[in-house]
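Just so it is clear, the structure is predicted and the values come from calculations on it, not from any experiment. Atoms considered below: every heavy atom in the structure, side chains included; atoms not considered: hydrogens, waters and symmetry mates.
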Amino acid sequence: MSSNALFYLTSNDMPLVSHADGIYIWDTTGRRYIDGCSGAITCNIGHNHPTVKRAMVAQLDEIAFSYRTQFESQVALDLASSMVELTDGDLQKVFFVGSGSEAVESAIKLAIQYFVAEGQPERSKFVSLRPSYHGSTLGALGLTGYEPLEAPYRSITIGSVKVPSPDLYRYREASVEEHITAVLEQTESAMLAAGPDTIAAIAVEPVGGASTGGRMLTRSYMEGVRALCDRYGCLLIMDEVLCGMGRTGAWFAYQHYGVTPDILALAKGLGSGYYPIAAMMARQELVDSVGRRGGFMHGHTYAGNPLACATGQAVIEVMKSENLVSNAAEQGVYLRQQLEKLASKYPSIGNVRGIGLLQGVELVQDPATQQPFPASFNAFDKLTAVAKARGLLIYPRRCLNGLEGDHVLITPPLTVTASDIDDIVELFDQSLADFEQLVREQAA
């Protein structure tokens, strides 16, 4: 156990953080780390940005907190308008909350309340993918398909109808097209078995995050899911808590597919680590229907507080003025090229995937058979540890339902340059060499 009073996931004592700037973090011993994963894929504009700090101080000089049922703040109105504009008007209403889990919970509740308002209270089930990650609160956890997180709480969560996620690395059909067709057929079959008139929404991550290591979907899959929603009268929720806000080289990942959700969940990059803020966005029709019947029966104390909204507005202004969305697209291509070179050098890399500055690297024991490392080897933790020892922070998880299939995410701040990526890749190269030495020692 940790020797201090804090109680988190890890039992290891960690270095004490001192300060940060740009893509770098220092601990109290003076050691510098490259933040190659933006914390928890959160710090999209990097650390210590002066524009955001000024905006936060200016807001603190006025008011930090006001309660949403007592006052509206101009900065909340401005931020909501900015976000609607970023969707090109696809989604017209915004509901602010404090975290990604809260955003997903809000999406669940809006979908339910919409169908109650429309005289279809029987629509109370959700369809989601396995594997997936949608949050740690009970409603969001019910959507999540990640066995280690689900198992302890199964008795107190309402699980969704789980359907297979497309896997463009491990599929067994003759082609990607046949694989997508098969997955959509399984999804429809599951909906029919559950009763299509009982389904409120299908929830998907347009680009996989921690649970799948940057697993991609395809346009044909997204079009197929949208068609299923339209055919059976349910809604489409997209969870962009991790992949939204410019991370993929577009403001929102759904924009790559040309398929618009009915409800969108956002978090991480919106506050970029400076202050907790998240949001649910929705079509006007849904909100109007709920509003006509008494309003949305949901909310959180800190929702839409002025300090949070001032932070989010400043983050968006920085992203626009510094062209960070286009930089994510450009540097993402370069990062992918460099990671692919490492994949040809190290047999433990089975797959590199993702888009923009959301890149995942899956580790395998045998690249020819795609055989994962034994779970007991904890490959994802080992690679993360040797990378940290080299001064590089990366984000580890498992992509096969959380039980095996180790991966790490390389997701630096959107401010990175090609030179920064060279530094990241150099350290990752050295870390992979260290990791493969551990693999050889294990096999000996």
Margin query: Set out, in order, the CA-CA distance, both residues' side-chain angles and the distance that settles side chain to side chain contact (heavy atoms under 4.5 Å, CB included) for Tyr275 and Leu307, then state yes or no.
Written below: CA-CA 8 Å; Tyr275 196 83; Leu307 182 57; 3.5 Å; yes
Check: Can you check side chain to side chain contact (heavy atoms under 4.5 Å, CB included) on Tyr395 and Ile41, steps first, answer last?
Finding: CA-CA 8 Å; Tyr395 197 91; Ile41 308 89; 3.7 Å; yes
Next item on the list: Report the C-alpha separation of Trp251 and Thr87 in whole Å, then their side-chain angles, then the decisive distance to 0.1 Å, and conclude whether the side chain to side chain contact (heavy atoms under 4.5 Å, CB included) test is met.
Entry: CA-CA 8 Å; Trp251 278 105; Thr87 72; over 6 Å; no
Check: Yes or no on side chain to side chain donor-acceptor pair (under 3.5 Å) for Asn44 and Lys268, after CA distance, side-chain angles and deciding distance?
Finding: CA-CA 8 Å; Asn44 282 14; Lys268 295 178 180 288; over 6 Å; no
Notebook entry, point to check: What's the verdict on side chain to side chain contact (heavy atoms under 4.5 Å, CB included) for Cys399 and Glu362, showing C-alpha distance, side-chain angles and the deciding distance?
Noted result: CA-CA 8 Å; Cys399 51; Glu362 183 170 343; 3.5 Å; yes
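At a cut-off of 3.5 Å, with distance as the only test, no side-chain donor of Arg170 or Gln370 sits close to an acceptor on the other residue. Judged purely by distance below 3.5 Å, without hydrogens or angles, the side chains of Glu188 and Tyr232 pair a donor atom with an acceptor atom. A side-chain donor-acceptor contact under 3.5 Å links Ser38 and Arg247. There is a side-chain donor-acceptor pair under 3.5 Å between Thr218 and Ser220. Side chain to side chain, Asp420 and Thr417 meet the donor-acceptor criterion of an N or O pair below 3.5 Å. Inspection of the Lys162 and Ser160 side chains reveals an N or O donor paired with an N or O acceptor under 3.5 Å. Of the N and O atoms on the side chains of Ser289 and Glu118, at least one donor lies less than 3.5 Å from an acceptor on the other residue. For His134 and Glu105, the side-chain atoms include no donor-acceptor pair closer than 3.5 Å. For the 3.5 Å distance criterion, the side chains of Asp90 and Tyr254 qualify, holding a donor opposite an acceptor.
Taking CG from Leu427 and NZ from Lys388, the interatomic distance works out to 14.5 Å, rounded to the nearest 0.5 Å. Here CD1 of Ile355 is found 4.5 Å from CE of Met216. Values are rounded to the nearest 0.5 Å.
Contact detail for Gln313 and Leu79: the closest heavy-atom pair is OE1-CA, 3.3 Å. Minimum heavy-atom separation, Ile424 to Pro412: CD1-CB, 3.8 Å. When every heavy atom of Asp197 is checked against every heavy atom of Glu122, the shortest pair comes out as O-CG, 3.2 Å. Residue Cys234 comes nearest to Met191 through the heavy atom pair SG-CE, 4.1 Å, listed as atom of the first residue, atom of the second, then distance. Counting all heavy atoms, side chain and backbone alike, Val315 lies closest to Ser272 at CG2-CB, 3.9 Å. Taking all atoms of both residues into account, the shortest heavy-atom contact from Val259 to Met238 is O-CE, 3.5 Å.
For the pair Thr248 (side chain) and Gly244 (backbone), a donor-acceptor distance under 3.5 Å is absent. Under a 3.5 Å cut-off, the side chain of Arg123 and the backbone N or O of Pro196 do form a donor-acceptor pair. Side-chain atoms of Arg293 never come within 3.5 Å of backbone atoms of Gln113 as a donor-acceptor pair (strictly under, hydrogens ignored). The backbone N or O of Ala253 lies less than 3.5 Å from a partner atom in the side chain of Glu240, making a donor-acceptor pair.
Sparse packing is recorded around NZ of Lys93, with 12 or fewer heavy atoms of other residues, nucleotides or ligands lying under 6.0 Å away. Annotation: Ile158, atom CD1; neighbour count of heavy atoms from other residues, nucleotides and ligands within 6.0 Å does not exceed 12. When the shell of 6.0 Å around OH of Tyr257 is examined, it contains more than 12 heavy atoms from other residues, nucleotides or ligands. The number of heavy-atom neighbours closer than 6.0 Å to OH of Tyr153, taken from other residues, nucleotides and ligands shown, is 12 or below.
Taking the six-membered ring for Trp and thresholds of 30 and 60 degrees, His300 and His298 have ring planes more than 60 degrees apart, a perpendicular arrangement. Between Trp26 and His19, the angle of the ring planes stays under 30°, which puts this pair in the parallel group of the 30/60° scheme.
The existence of a salt bridge linking Asp167 and Arg215 is confirmed by a sub-4.0 Å separation between a basic side-chain nitrogen and an acidic carboxylate oxygen. A salt bridge links Arg336 and Glu340; the closest N-O separation between the charged side-chain nitrogens and carboxylate oxygens is under 4.0 Å. For Arg226 and Asp262, the salt-bridge test passes: some basic side-chain N is under 4.0 Å from an acidic carboxylate O.
Ring centroid separation for the pair Tyr302 and Phe65 comes in under the 6.0 Å cut-off.
Side-chain contact between Arg397 and Tyr146: present, with at least one pair of heavy atoms (C-beta onward) separated by less than 4.5 Å. Considering only heavy atoms from C-beta on, Leu235 comes within 4.5 Å of Leu286 through its side chain.
Tested against Leu383, the residues Leu363, Val361, Asn378 include a single side chain to side chain contact (heavy atoms under 4.5 Å, CB included) partner, Leu363.
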